[in-house]
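Report on the following structure.
Sequence positions, counted from 1, serve as the residue numbers for this chain. Read the numbers this way: they start at 1 and go in the same order the structure lists the ligands and their atoms.
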Amino acid sequence: MGGKDLISIRDLAREEIEELFELTDKMDKRLASDSKPLKNAVIATLFFEPSTRTRFSFQSAAARLGADVLSLEDISTTSAAKGETFIDTIRTMDGYCDLIVIRHKLEGSARLAADVAERPVVNAGDGGNQHPTQTLIDLYSIRRFKKRIEKTNVCLVGDLKYARTMRSLLYGLGMFGANVTLVSPKGLEMDKAVISEVKSRFSASVSETNAMDFSDCDVLYVCRIQKERFADPYEAEKVQKEFRITGENLKGAKPEMVILHPLPKIDEIAPEVDASPNARYFEQAKFGVPIRMAVIMKLLGKA
Ligand code: CP
């Protein structure tokens, strides 16, 4: 990996991601190995925003590699509650660990942390901006389930305006030559600048629609409406009720179509779809551990 940090999926070239996937395959095979290559390392997971998968899979990855973890999950228990600045908190934690994983609601916060920290910083989600390790999990899942990413027809469905996973993923899919269709409720479309960037940088095939027609789709990637980023939560609930993936929507879909989701899901996927063998999102979430083991090993120069 080129730089010392992983802040955006833009930090990685395709060859580096492919190398990470090879390392992930190895990590997946040695999850319960007795060898602990990071026995003397300390990893700080600083979560200023809630998380289940990202925090616990980073912590699980660290434990599998033998590293100790310093975990921030409730800022009211830190000196931030006394008014200490974000920068001073990062500078302090930088002195206590070998690698920092950070999630924060403000876009650009991970980049700021990387600017002040000497240790490598991994962005575990900064507002609606980027979530690069989630994108690695998503691309890896497509590669595992469909055997290739190139020329795979992928529909990204849901809140494409506020979901950071979708922005990062669109970039990654463009880089790997997938054909992408963006499906969102009116007003929650993908940022045009991101679409233009992906098209011009990778000559990517990206189209937009409001129609729930998945007949040509190989991978249906769904995300929830990001209620916490709406000024009016009632508006978010209304949109969520109107925009659901149901068995009716999937009539005519390919039988082998794979449904992915970064999770958490709320009620954007109907129970009959959730129960179908096409829904593979818990397997996808499980890949979070070997992917994050690979990222940690690379950033600490151990692979
Ligand atoms: N996919 C994801 O980022 O999940 P969490 O918010 O639970 O970490």
Expected contact list for ligand 1 at under 4.0 angstrom, heavy-atom basis, is Ser51, Thr52, Arg53, Thr54, Arg103, His131, Gln134, Pro262, Leu263
Please list all pairs meeting salt bridge (charged side-chain N to carboxylate O under 4.0 Å, His left out) that have one or both residues in residues 66-82, counting only residues at least two apart or in different chains. Arg55-Glu73
Contacts satisfying salt bridge (charged side-chain N to carboxylate O under 4.0 Å, His left out) that involve residues 148-158 (not counting sequence neighbours) are Arg14-Glu150
For Leu220, the option from Leu250, Asn278, Asn153, Val154 that meets side chain to side chain contact (heavy atoms under 4.5 Å, CB included): Leu250
Hits for side chain to side chain contact (heavy atoms under 4.5 Å, CB included) against Leu263, two or more places apart or cross-chain, chain-then-number order -> Arg53, His261, Lys265, Tyr281, Phe282, Ala285
With a 6.0 Å cut-off on the ring centroids, do Phe48 and Phe86 count as close? yes
May I have the step-by-step check of ring pair (Phe, Tyr, Trp, His ring centres under 6.0 Å) for His104 and Phe47, ending in yes or no? CA-CA 7 Å; His104 197 287; Phe47 280 70; over 10 Å; no
